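Below, chain A is the first sequence line, B the second, and so on; all start at residue 1. This structure is a prediction, so every number in the text was calculated from the model and none was measured.
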Protein chains: 2
Amino acid sequence: MDLIKELGALALATRLKRLGEKLQKDASRIYGLFSVEFEGKWFALLYALNEHSPMGVTELADYLQLTHPAINQVSVEMEKAGLLKSTANPRDRRQRLLQLSDKGKNLCRSLEPLWSEIAAATEELVAESGVDLLSVLGKIEDSLDNEDIFTRVKKKNRSLICDKIGIIDYKPGLKKHFESLNREWLDEYFDIEPEDEKVLSDPNRHVIKPGGFILFARFNGKIIGTTAVKKHEGDIYELTKMGVTREYRGCYAGRKLTSKALEKLREMGVKKVVLQTSKKLKTAIKLYESFGFKRDTCDAPWAYGYSRETITMSLDL
Amino acid sequence: MDLIKELGALALATRLKRLGEKLQKDASRIYGLFSVEFEGKWFALLYALNEHSPMGVTELADYLQLTHPAINQVSVEMEKAGLLKSTANPRDRRQRLLQLSDKGKNLCRSLEPLWSEIAAATEELVAESGVDLLSVLGKIEDSLDNEDIFTRVKKKNRSLICDKIGIIDYKPGLKKHFESLNREWLDEYFDIEPEDEKVLSDPNRHVIKPGGFILFARFNGKIIGTTAVKKHEGDIYELTKMGVTREYRGCYAGRKLTSKALEKLREMGVKKVVLQTSKKLKTAIKLYESFGFKRDTCDAPWAYGYSRETITMSLDL
DNA sequence: ATTATATATGTAAGTACTTACGTAATAAGG
DNA sequence: CCTTATTACGTAAGTACTTACATATATAAT
């Protein structure tokens, strides 16, 4: 009769939401039963401010695991209802400090017995299932924090995804992908420096024309990763600007890109590849090491002097 | 750190919703990972139509436990996306029969492996908690169907609520309450007949002026119930038109109203009360019996000939 | 002291639904 | 057969949030 129940684990999400909504609706009906003028969505904010006040909007958003616009909207409503008042923080005039008004405190006091009743009835309900749902929920939340469903599914299918990743050459139409893929990891770990900006804004001029090349990883028609090989003076070839978009990291796209780049270099008769990376990029370093790259002990005169701390590696082909 | 977690049973609803939303978001990301153009909210409809087709909008709404506007909106979207087509039912031209298009069926086929993966990963996640969450959820849903939180809290506090219910006399301003309270149960169990309409539209003329009275039950300033006593020819007094609004049923408001009515009749020196009710109204009959009312075996010439089947009762004061 | 960057907040619009209400077609009752 | 429900569906607006974006202030870096 009820498809969502029949679907089991596949529709767990819908079922959890549905149950949660039912419980919230019941709570609202209980407020109505006792003629307390109170909306369910005010609960978290009222409770939080009753415990700990004053608090800023963002601070509350963090505490209540909501977005700051949510807090902003609810706080405006509650202020209109006379339940709280906000004052600018004199030490930081950006901040709006929220605290309960007397009316808000009184409301809290009249709600407390209802909250006890709701909590007690909920505990009773849960107890009927014979399982400590709260702790089960806690465990699931922790497991999910540790590794969410997306990551689990990706991990299980990484080889399958990898098999379907194709490596293609640079075309002018792909310039924007070269730029955005690299900006993604640069923004994540470093500041973008003029040298980065130069290469990203005109890869044809700064990579391909001097005798290098650029590769892209494509999956299901989507460009998901890239890498470049730059030619320096003295026939030095540098592996650089490798990036894989976040959602596809861990699917061996970087490995496939590097492998193809090295293959191309071998075909070109190149005998040695160098690269510059950073200690921060641990997965990258591991990847390079797996291809046989070793950290340079001697000087690397080809290396660009980025502000970010770098290490250089090289591999004899 | 996280207030919602700290609050335990009181914030169970929020937590369940939050977890459900997280799982749904992950599912969407997985569709994106495999470049399937599919929105999470389409899932239920697509799945249902793949299993069983064609189906009407309302039929699907029942099956998926959603409202029919939800199905309507999603179906319009999915039709735009070419995933389903709708045809008017030739036997009932109100009905729009939905079925998957070839594109929809193909999409289903390409989604099936993803659904397996999602289900497997979810099962794995749940298994880590060491508890069969699905069956726990089922039990909780059943418990809730049996008696929801609202009813539990109301039951626990019925005496407390009852103590605060006051009985007040008719005032012209309360006419609309007399009408709506009675319409509530009449609509629920019967058709409203001309006799009902007459009394409800002008209680002053048809109840009070002939020598009867009307009482109201008030809780926290809200009118939650009513009853009337009509005087018939030959000093016959009839208890009638008793109704308590749904949310407050089970809090002894009817008992209090009846008790007060009988008390007033005794004060008036009345020796016998009669009433007319229906087999359908089991709680009402029980209530009357608890006051000593007995089913009439002989004729009740005062009784109005409602179309609905009635039984008459009487009590010697 | 400037300039750049980050932070705290506000605002608009979107999302996945819901409730409330309106309309056309069918079924039921007289 | 005609009137009156009832049913199936559609539409509009509301809800409890979210994301995306704008703005003012504060802090850090030069």
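Note that OG1 of T122(A) is 6.0 Å distant from CG of L23(A), once rounded to the nearest 0.5 Å. Of the inter-residue distances, the one linking Q24(A) atom CD with I149(B) atom CD1 reads 12.5 Å to the nearest 0.5 angstrom.
Ion pairing of K198(A) with D202(A) is absent here, as no side-chain N (NZ or NE/NH1/NH2) approaches a carboxylate O to less than 4.0 Å.
The base of dT7(D) sits within donor-acceptor range of the side chain of R94(B), with an N or O pair under 3.5 Å. Within 3.5 Å, a donor on the side chain of Q73(B) pairs with an acceptor on the base of dT18(C), or the reverse.
E247(B) is linked by a side-chain hydrogen bond (donor to acceptor under 3.5 Å, both in side chains) to R29(A), counting only residues two or more places apart in sequence or in another chain.
For the pair N72(B) and dG10(D), the criterion of a side-chain N or O lying under 4.0 Å from OP1 or OP2 is met.
Both H68(A) and R91(A) sit near DNA chain D, but only H68(A) has its closest nucleotide nearer the 5' end.
Across all strands, T67(A) comes closer than 4.0 Å to base atoms (heavy-atom distances). Counting any heavy atom pair closer than 4.0 Å across all strands shown, L66(A) reaches sugar-phosphate atoms only and no base atom.
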Considering only distance and modelled atom types, tabulate donor-acceptor pairs under 3.5 Å from the side chains of residues 39-47 of chain A, sequence neighbours left out.
unit_1	atom_1	unit_2	atom_2	d
K41(A)	NZ	E77(A)	OE1	3.3
K41(A)	NZ	E77(A)	OE2	2.9
W42(A)	NE1	E77(A)	OE1	3.1

What protein N or O atoms touch nucleotides 28-30 of chain D N or O atoms at under 3.5 angstrom, if any, and at what distances?
none

